[in-house]
Amino acid sequence: MFLSIVIPVYNEEKTIKAVLDEHIAQLKHVEQWEIVCLDDASTDGTWGILEAYAQQQSRLRLLRHETNQGISPSFQQLFEEAKGEYIYLTAGDGQWPAENLTRLLKAYQETQADLVIGVRQGRSQVYSFGRRILSYGFNYLAKVFLHINAQDANGIKLGRKEIFTAPVHSKSFFAELERLSQAYKKGYQIVHSPVIFLPRQHGVSQGAKLKNITGTIRDFIYFLFQK
């Protein structure tokens, strides 16, 4: 396979170099690969670190937003820019160890699935009670209203590019459920694999911001009425 590792970043100057080093070390047995990083208008030294890294690593491609656009638009652009026939989506904050790439590749090789979704282990040790409720509620939407098995819809993923680039209306985190819903309807084989998830050591998580929560609810309601 030709594998594109896509990584959205925002103010990750303390973690991004280690994340890149660790993922490249896991790619020894993958012949064709690239890493695509999109900096969503970081205000720290993230972009400078990425530029310096790209000068030493030709398989790293960089994209940059002049103004902050949020995680879902960043995902969409990364998916479209990826050159590989397979995409591995991860993050630049250091919470998803590069060992997870090997885990998902193994699950793909064993099952020949079209999409492998990483299910975070130990979320109760990493997330606050409120954040666990949000995570549970997000996956509950998929099970009850969309009738799909989404054990961790916002987890890391490895799969065919056409699944990631399917057109979606949502501009929030709900876009992930919209893509999964389409993939199930089209008959793609989707499997789950346990992955490691670590506490965030640096920076501030953006996922639980009020605008992300309200945006997800808005897109969910729109999706239901458009079905």
Side-chain angles (χ1 to χ4, degrees), residues 4-24 34-57 59-82 87-98 100-101 118 120 123 126-128 130-132 134-135 138 152-158 164-165 168 170-179 195-219:
S4 292
I5 299 175
V6 299
I7 308 175
V9 295
Y10 178 69
N11 289 349
E12 306 292 2
E13 64 178 2
K14 294 183 178 180
T15 57
I16 188 58
K17 183 180 183 300
V19 168
L20 292 171
D21 287 343
E22 292 167 8
H23 279 81
I24 290 173
E34 66 169 358
I35 299 178
V36 188
C37 284
L38 190 157
D39 183 351
D40 194 20
S42 292
T43 58
D44 62 0
T46 299
W47 182 248
I49 294 170
L50 288 172
E51 284 190 309
Y53 205 107
Q55 292 178 0
Q56 304 297 321
Q57 176 51 257
R59 297 203 204 188
L60 172 63
R61 292 197 293 123
L62 303 180
L63 306 170
R64 190 183 193 187
H65 289 158
E66 293 301 322
T67 58
N68 185 266
Q69 297 183 28
I71 190 64
S72 292
S74 297
F75 279 171
Q76 190 64 39
Q77 185 175 350
L78 280 165
F79 299 155
E80 293 171 356
E81 291 281 349
I87 288 176
Y88 174 67
L89 168 66
T90 188
D93 55 16
Q95 289 191 267
W96 308 87
N100 289 329
L101 171 58
R120 285 170 279 192
R123 270 177 285 184
V126 176
Y127 281 158
S128 66
R131 188 63 188 275
R132 294 200 303 272
L134 289 175
S135 179
F138 190 75
D152 196 351
N154 271 335
I156 57 176
K157 302 175 182 71
L158 184 149
F164 290 89
T165 55
V168 294
S170 302
K171 305 298 182 184
S172 67
F173 284 118
F174 190 76
E176 294 299 292
L177 288 182
E178 197 174 341
R179 290 190 188 93
V195 294
I196 303 168
F197 188 59
L198 302 175
R200 189 180 181 101
Q201 299 297 320
H202 305 283
V204 179
S205 174
Q206 305 295 310
K209 282 191 171 183
L210 181 61
K211 67 176 183 179
N212 291 329
I213 297 171
T214 56
T216 298
I217 295 172
R218 180 195 62 239
D219 287 338

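Count residues from 1 along the sequence. What's counted below: heavy atoms across the whole structure, side chains too, no hydrogens, waters or symmetry copies. Worth saying up front: this structure is predicted, and the values here are computed from it rather than measured.
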Could you pull out all residues at least two apart from K17 that satisfy salt bridge (charged side-chain N to carboxylate O under 4.0 Å, His left out)?
D21
I need the L89 CG to S4 OG distance, nearest 0.5 Å.
12.0 Å
Specify the closest pair of heavy atoms between H23 and W96, including all atoms of both residues, with the distance to one decimal.
CE1-O, 4.1 Å
Residues passing the salt bridge (charged side-chain N to carboxylate O under 4.0 Å, His left out) test with E34, sequence neighbours excluded, are R61
Using side-chain hydrogen bond (donor to acceptor under 3.5 Å, both in side chains) as the criterion, list what pairs up with E80, not counting sequence neighbours.
Q76
Does some side-chain heavy atom of L62 sit less than 4.5 Å from a side-chain heavy atom of W47?
yes
Using the test ring-ring contact (aromatic ring centres under 6.0 Å, His included), find all partners of Y88 that sit at least two apart in sequence or belong to another chain.
none
Using side-chain hydrogen bond (donor to acceptor under 3.5 Å, both in side chains) as the criterion, list what pairs up with T43, not counting sequence neighbours.
N11
Residues that I71 engages under side chain to side chain contact (heavy atoms under 4.5 Å, CB included), provided they are two or more places apart:
P8, F75, F173
Any residue meeting side-chain hydrogen bond (donor to acceptor under 3.5 Å, both in side chains) with S74, in chain and number order, not counting sequence neighbours:
none
Could you tell me which non-hydrogen atom of L177 sits nearest to which non-hydrogen atom of A153, and how far apart they are?
CD2-CB, 3.4 Å
Any chance you could measure S72, atom OG, to E176, atom CD, to the nearest 0.5 Å?
7.0 Å
Write out all pairs satisfying salt bridge (charged side-chain N to carboxylate O under 4.0 Å, His left out) with one or both partners inside residues 40-52, taking only residues at least two apart or from two chains.
none
Working to the nearest 0.5 Å, report the span between CD1 of I24 and OH of Y53.
3.5 Å
Just jot down the side chain to side chain contact (heavy atoms under 4.5 Å, CB included) partners of R59, sequence neighbours excluded, or say none.
W33, Q57
Would you indicate whether the side-chain heavy atoms of L50 and L20 approach each other to under 4.5 Å?
yes
Just by distance, do the side chain of T15 and the backbone of G92 share a donor-acceptor pair under 3.5 Å?
yes
Side-chain contact, heavy-atom cut-off 4.5 Å: L101 with T90?
no
Heavy-atom side-chain proximity of R218 to F174 below 4.5 angstrom
no
Main-chain N/O of E12 paired to T46 side chain as donor or acceptor, under 3.5 Å:
yes
Under the side chain to side chain contact (heavy atoms under 4.5 Å, CB included) test, residues paired with P97 that sit two or more places apart:
N100, I196, L198
In terms of heavy-atom contacts, R179 and V168 come closest through CG-CG1, 3.6 Å
If only atom types and distance count, is the side chain of D219 paired as donor or acceptor with the main-chain N or O of S172 below 3.5 Å?
yes
Could you list the residues that satisfy side chain to side chain contact (heavy atoms under 4.5 Å, CB included) with L63, not counting sequence neighbours?
V36, L38, Q77, L78, E81
Nearest heavy-atom contact between Q69 and P73 is O-CG, 3.3 Å
Taken in chain and number order and not counting sequence neighbours, the residues that satisfy side-chain hydrogen bond (donor to acceptor under 3.5 Å, both in side chains) with S42 are D39
